[in-house]
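Written out below as structure tokens is the structure these notes cover.
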Amino acid sequence: MTDNIVWQQHQVGREQRADLFGHRSGVLWFTGLSGSGKSTVANALEQALAEQGFHTYLLDGDNVRHGLCADLGFSAEDRTENLRRVGAVSGLMVDAGLLVLSAFISPYRNQRALVRSFLPEDSFIEVYIATPLEVCEKRDVKGLYQKARKGEISHFTGISDPYEAPEQPDLVIDTSSSTLQENVAQLLQLLQQRGWIKANR
Ligand SMILES: Nc1ncnc2c1ncn2[C@@H]1O[C@H](COP(=O)(O)OS(=O)(=O)O)[C@@H](OP(=O)(O)O)[C@H]1O
Ligand SMILES: Nc1ncnc2c1ncn2[C@@H]1O[C@H](COP(=O)(O)OP(=O)(O)O)[C@@H](O)[C@H]1O
């Protein structure tokens with residue numbers, strides 16, 4: 001597909017763009033079951049980062065599926081295509097120098113590896129939101145688990161479709177046994193440890 005297309009090298013690169021923002025660019029990838037807390041945690045972290053003047057963008061499964069991926073469903077093939085597009089967009093945003101927060105179920109290990117393949121070395125942090133299925137199902141914020149149990153939604157992750165937990169996540173968060181404030185503090189600390197952001201900006 002990319003035959004006869006030559007990559008163009010630009011003079012201003014990722015590092016120069018990120019330097020102008022005063023932080024490193026990269027992707028914080030939130031994976032976990034529906035209702036585990038991905039969006040809530042990513043949202044709260046983005047708010048904390050924005051308050052400190054960092055340049056962020058939050059990509060969220062529910063939102064992306066209204067536009068860029070509106071043609072896709074939830075078969076393994078469609079999820080892979082969803083995440084391929086999100087991986088490519090995340091790669092562009094990292095090149096633009098941004099701190100990207102991505103909240104997608106991304107249930108298969110090979111799909112998360114595909115996303116990683118779009119990004120430069122050391123610019124991907126995997127955050128596993130490991131809230132147990134029973135808790136997510138009890139929350140059932142959108143009523144989707146109830147529909148899945150009744151067979152009204154097929155391929156529902158955790159009920160009628162698989163979720164492959166990350167083998168070596170950079171951070172594990174269980175939102176049923178920690179507060180949002182604790183989650184944000186842990187994530188900020190991780191970003192500082194990795195040198196992506198500086199404390200006391
Ligand atoms: N069958 C099925 N399985 C899982 N989730 C479903 C399904 N149908 C609709 N939804 C809603 O879609 C949101 C997940 O979209 P994602 O793009 O994150 O999924 S994936 O990464 O491509 O697997 C997910 O959002 P979250 O609850 O925020 O995770 C659901 O609201
Ligand atoms: N510590 C916590 N962190 C994040 N969400 C929490 C926490 N405790 C409870 N919740 C609740 O869990 C639900 C998770 O929903 P959401 O963030 O939409 O999950 P997801 O994006 O994974 O589907 C929300 O109703 C949220 O208020």
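Start at 1 with the first residue, then count along the sequence. All of these numbers come straight from a predicted model, not from anything done at the bench. Indexing begins at 1, ligand by ligand and atom by atom, following the structure's order.
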Is the closest basic N to carboxylate O distance between [X] and [Y] below 4.0 Å?
| X | Y | answer |
| --- | --- | --- |
| Lys38 | Asp60 | no |
| Lys138 | Glu134 | no |
| Asp78 | Arg65 | no |
| Arg24 | Glu15 | no |
| Arg194 | Asp122 | no |

Residues forming a ring pair (Phe, Tyr, Trp, His ring centres under 6.0 Å) with Phe74, sequence neighbours excluded:
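Ring pair (Phe, Tyr, Trp, His ring centres under 6.0 Å) check on Phe74 returns nothing, list empty.
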Do other residues, nucleotides or ligands put more than 12 heavy atoms under 6.0 Å from Gln181 CD?
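No, CD of Gln181 has 12 or fewer neighbouring heavy atoms, counting only those of other groups under 6.0 Å.
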Would one find more than 12 heavy atoms of other residues, nucleotides or ligands at under 6.0 Å from atom CD of Gln146?
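Counting neighbours around CD of Gln146, 12 or fewer heavy atoms of other residues, nucleotides or ligands fall under 6.0 Å, so no.
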List the protein residues in contact with ligand 2, where contact means a heavy-atom separation under 4.0 angstrom.
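These residues qualify: Leu33, Ser34, Gly35, Ser36, Gly37, Lys38, Ser39, Thr40, Val41, Arg139, Val141, Thr175, Ser178, Thr179, Leu180, Asn183.
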Select all protein residues for which some heavy-atom-to-ligand 1 distance is less than 4.0 Å, and list them by chain and number.
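Its neighbours under 4.0 Å (heavy atoms only) are Ser34, Gly35, Lys38, Gly61, Asp62, Arg65, Phe74, Arg79, Asn82, Leu83, Phe104, Ile105, Ser106, Pro107, Lys142, Leu144, Ile153, Ser154, His155, Phe156, Thr157, given by chain and number.
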What residues form a side chain to side chain contact (heavy atoms under 4.5 Å, CB included) with Glu152, not counting sequence neighbours?
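Glu152 satisfies side chain to side chain contact (heavy atoms under 4.5 Å, CB included) with Lys147, Lys150 once adjacent residues are dropped.
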